[in-house]
Amino acid sequence: MLTLEDRLAARVKALDYQNWRAKVRAVNGCARPIRLSGAHQLQDATTGAVLHHHGGDIFAPCGNRRSGVCPACSDRYAADAFHLIRAGLIGGHKGIPTTVGDRPRAFVTLTAPSFGPVHTAHTTKSGKRRPCGCGEYHHDDDTRIGAPLDPETYDYVGSVIWQAHAGVLWQRFTTRLRREIAKRAGLKAREFTEQARLSYGKVAEYQRRGLVHFHAVVRLDGPEGAVSPAPRWAHPDLLEDAVYAAAGAVLVPAAYPDGTELPVTWGAQVDVRRIEPAASAELEDDNGQISEARLAAYIAKYATKGTGKSEAADRPIRSQLDIDHLKVTAHHRRIIQTAWDLGDLPAFEDLKLRRWAHMLAFRGHFLTKSLAYSTTFKAIRGDRRAFRLAETLERLGLDDRADSIAVVNDWAFDGSGYRDDAERELAAGIAERIRDDRKLKYSKENDHE
């Protein structure tokens with residue numbers, strides 16, 4: 001039987017290797033590409049004459065945003081998330097005016113409440129380690145961090161119920177925040193909507209204990225959103241005060257399996273920091289204010305961090321056997337098990353906990369935004385397709401006829417993934433080289449700036 005090294009060598013020496021490699025590079029080394037066969041052609045929109053035709057087999061990216069499943073597609077998602085958040089922060093592109101930088105804005109972090117003491121690794125401002133509640137000093141990679149000091153008294157059921165309602169809690173927070181802003185401005189709800197609009201971009205991040213917290217850019221606009229200036233009464237102090245008030249007041253009614261009430265609220269750790277236009281390369285200044293320079297990249301990182309190598313599983317749970325064979329810590333396995341067990345109870349049927357057990361019961365999206373915050377993923381991807389089409393037309397000498405050309409695609413699904421472990425290893429190597437080249441390019445560009 002051939003070894004992996006032998007199969008790698010054979011694949012590289014195969015006659016179709018260069019063609020296969022080109023298809024892999026076209027999807028940036030996607031870990032599980034969609035295999036398609038068919039044709040793509042450019043036609044004259046008036047006469048129907050074929051101007052260019054390409055047929056055969058191609059790869060399409062899987063589009064999975066989890067880096068644990070596909071690092072290449074996760075990188076693309078992170079890049080799109082960066083542009084989406086950045087557009088709402090500084091404007092100047094994607095149809096967002098630069099004046100958004102003059103609006104009252106805040107970087108808000110909302111966390112989950114405590115469901116029992118857990119192992120921690122804290123460091124003081126002077127850099128000195130503080131002991132954990134267990135009496136030990138944990139290093140940052142200690143797998144016990146986030147796990148309960150006493151698993152038998154930790155409220156696993158309560159934590160799962162909270163996690164399942166976290167998305168609804170955020171929605172109610174934004175509703176309450178509008179009311180709190182209106183109250184401080186001396187306005188009624190209708191008057192507020194006539195004068196202002198609350199815009200935000202939010203990402204969810206798993207903490208080590210397996211519960212999510214939210215990072216959000218919150219912005220006060222005029223009634224038309226990003227394109228209209230904020231009202232004269234809008235001020236960063238007003239926004240900050242309203243966020244704290246809304247976070248402390250909002251709740252979602254819920255209950256334990258025995259009917260005992262469990263109000264779903266935010267944890268005590270609510271952090272609100274102003275976002276100030278700054279040329280500084282630092283994320284935060286000495287006064288705790290946040291600069292624009294790195295905030296978009298910071299938030300985009302969390303957009304995929306939570307969906308990458310996280311405490312959750314990469315794929316949905318289908319049976320108890322899946323749970324038994326998961327490569328996760330005992331603490332996170334117990335969260336998944338709790339979600340799975342609660343999902344079988346009629347009282348929690350609407351939450352569909354078994355469907356979301358692999359996400360530790362979190363049912364929301366990792367990146368969401370209000371309608372008027374900035375551009376959309378659809379628009380960003382549409383711009384990318386238009387750019388690639390323009391490149392193709394220029395290469396074929398058809399760029400002067402772009403307005404009269406129709407694109408016709410006719411592809412059939414042939415399967416997904418690579419044929420064997422040799423192709424998977426080669427594709428992973430190609431993806432790593434592409435990623436390294438991109439990092440080197442960005443590093444040189446930043447050094448030049």
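Quick note: numbers below take in every heavy atom, side chains included, and nothing from hydrogens, waters or symmetry partners.
Heavy atoms only, all atoms of each residue included: Ser416 and Ile34 are closest at CB-CD1, 4.0 Å. Minimum interatomic distance between Ile85 and Gly201 (heavy atoms only, all atoms of both residues): CD1-CA, 4.3 Å. The minimum heavy-atom distance linking Pro148 with Tyr156 is given by the pair CG-OH, 3.4 Å. The shortest heavy-atom contact between Leu353 and Ala339 is CB-O, 3.4 Å. Nearest heavy atoms, Ala81 versus Phe377: N-CE2, 3.7 Å. Nearest heavy atoms, Ala226 versus Asp221: N-OD2, 3.6 Å.
Between Trp266 and Trp162, the ring-plane angle classifies as perpendicular under the 30° and 60° cut-offs. The aromatic rings of Phe173 and Trp170 sit tilted relative to each other, their planes meeting at an angle between 30° and 60°.
Taking the side chain as every heavy atom from C-beta outward, Phe366 and Met359 approach each other to under 4.5 Å. Looking at heavy atoms from C-beta onward, Leu360 lies out of side-chain contact with Val212 at the 4.5 angstrom threshold. Looking at heavy atoms from C-beta onward, Asp437 lies out of side-chain contact with Ile434 at the 4.5 angstrom threshold. His40 is listed as a side-chain neighbour of Trp411, based on a closest heavy-atom distance under 4.5 Å. The shortest distance between side-chain heavy atoms of Thr375 and Ile380 falls below 4.5 Å. With contacts defined as side-chain heavy-atom distances shorter than 4.5 Å, the pair His235/Pro104 does not qualify. In this structure, the side chains of Tyr154 and Leu149 stay at 4.5 Å or more apart for every pair of heavy atoms.
Taking the six-membered ring for Trp, Tyr137 and His122 have ring centres at least 6.0 Å apart. In this structure, His52 has its ring center no closer than 6.0 Å to that of His54. The distance between the ring centers of Tyr206 and His213 does not fall below 6.0 angstrom.
At least one donor-acceptor pair closer than 3.5 Å links the side chain of Arg219 to the backbone N or O of Gly88. Arg333 places a side-chain N or O within donor-acceptor distance of the main-chain N or O of Leu326, the cut-off being under 3.5 Å. Looking only at distances, no side-chain donor or acceptor of Arg176 sits under 3.5 Å from a matching main-chain atom of Val250. Put simply, the side chain of Arg354 gets close to the backbone of Trp340: a donor and an acceptor are under 3.5 Å apart. Looking only at distances, no side-chain donor or acceptor of Arg197 sits under 3.5 Å from a matching main-chain atom of Thr193. Of the possible polar contacts, none joining the Asp142 side chain to the His138 backbone as a donor-acceptor pair under 3.5 Å is found. Checking side-chain atoms of Arg76 against main-chain N and O of Ala72 turns up no donor-acceptor pair under 3.5 Å. Distance alone, capped at 3.5 Å, places no donor-acceptor pair between the His119 side chain and the Thr143 backbone.
Residue pairs meeting the side-chain hydrogen bond (donor to acceptor under 3.5 Å, both in side chains) criterion with at least one member in residues 240-253, sequence neighbours excluded: Arg184-Asp241. Sorted by first and then second residue, the side-chain hydrogen bond (donor to acceptor under 3.5 Å, both in side chains) pairs with a member in residues 248-258 read Asp155-Tyr256, Asp258-Thr260; sequence neighbours excluded.
Annotation: the span from Thr111 atom OG1 to Asp271 atom CG amounts to 9.5 Å, rounded to 0.5 Å. Atom-to-atom distance recorded for His165:NE2 and Leu262:CG is 8.5 Å, nearest 0.5 angstrom. Taking CD1 from Ile336 and NE2 from His331, the interatomic distance works out to 10.5 Å, rounded to the nearest 0.5 Å. To the nearest 0.5 Å, atom CZ of residue Arg209 and atom CD1 of residue Ile335 are 9.5 Å apart.
Of the charged side-chain nitrogens involved, at least one lies within less than 4.0 Å of a carboxylate oxygen, so that Arg129 and Asp140 count as a salt-bridged pair. Ion pairing between Arg130 and Glu136 fails under the 4.0 Å rule for side-chain N and carboxylate O. For the pair Arg315 and Asp322, the salt-bridge criterion is not met [side-chain N within less than 4.0 Å of a carboxylate O]. Salt bridge Arg435/Glu432: absent, no basic N to carboxylate O contact under 4.0 Å.
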Can you check side-chain contact (heavy atoms from CB on, under 4.5 Å) on Thr368 and His365, steps first, answer last? CA-CA 6 Å; Thr368 59; His365 294 285; 3.6 Å; yes
Could you go step by step and tell me if Arg105 and Val218 meet the side-chain contact (heavy atoms from CB on, under 4.5 Å) rule? CA-CA 6 Å; Arg105 299 170 300 166; Val218 180; over 6 Å; no
Carefully, step by step, assess Gln207 and Glu205 under the rule side chain to side chain donor-acceptor pair (under 3.5 Å). CA-CA 6 Å; Gln207 296 174 296; Glu205 178 203 3; over 6 Å; no
Run the side-chain contact (heavy atoms from CB on, under 4.5 Å) test on Arg86 and Ile90 for me, step by step, so that the C-alpha distance in whole Å, both residues' side-chain angles and the decisive distance to 0.1 Å come before the verdict. CA-CA 6 Å; Arg86 185 177 184 272; Ile90 65 174; 3.2 Å; yes
Just do the side-chain contact (heavy atoms from CB on, under 4.5 Å) check on Leu367 and Tyr77 with the steps written out, would you? CA-CA 10 Å; Leu367 191 154; Tyr77 179 79; 3.5 Å; yes
Intermediate values then yes/no, salt bridge (Lys or Arg N to Asp or Glu O under 4.0 Å), Lys188 and Glu191: CA-CA 5 Å; Lys188 296 180 180 179; Glu191 293 174 325; over 6 Å; no
What verdict does the side chain to side chain donor-acceptor pair (under 3.5 Å) test give for Asp150 and Thr153, after you've listed the backbone C-alpha separation in whole Å, the side-chain angles of each residue and the deciding distance to 0.1 Å? CA-CA 6 Å; Asp150 182 3; Thr153 59; 3.3 Å; yes
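With sequence neighbours excluded, the residues forming a side-chain contact (heavy atoms from CB on, under 4.5 Å) with Asp383 are Lys94, listed by chain and number. Residues passing the side-chain contact (heavy atoms from CB on, under 4.5 Å) test with Lys369, sequence neighbours excluded: Leu84, Tyr373, Ser374, Thr376. Evaluation of the side-chain contact (heavy atoms from CB on, under 4.5 Å) rule for Ser228 yields Pro223, Glu224 as partners, not counting sequence neighbours.
Atom CD of Gln269 has 12 or fewer neighbouring heavy atoms from other residues, nucleotides or ligands inside a 6.0 Å radius. For CZ of Arg32, the number of neighbouring non-hydrogen atoms (other residues, nucleotides, ligands) closer than 6.0 Å is 12 at most. Counted within 6.0 Å of CD on Glu349, heavy atoms from surrounding residues, nucleotides or ligands total 12 or fewer; the atom is thus considered open. Surrounding CG of Asp350 are at most 12 heavy atoms belonging to other residues, nucleotides or ligands under 6.0 Å away.
Side-chain contact annotation: Thr329 with His332, donor-acceptor N/O pair under 3.5 Å present. For the residue pair Gln195/Trp233, the side-chain donor-acceptor check at 3.5 Å is satisfied.
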Report, one line per pair, each donor and acceptor closer than 3.5 Å where one atom sits in a side chain of residues 392-408; sequence neighbours left out.
residue: Thr392; atom: OG1; partner: Arg388; partner atom: O; Å: 3.0
residue: Arg401; atom: NH2; partner: Asp44; partner atom: OD2; Å: 2.6
residue: Ser404; atom: OG; partner: Arg401; partner atom: O; Å: 3.0

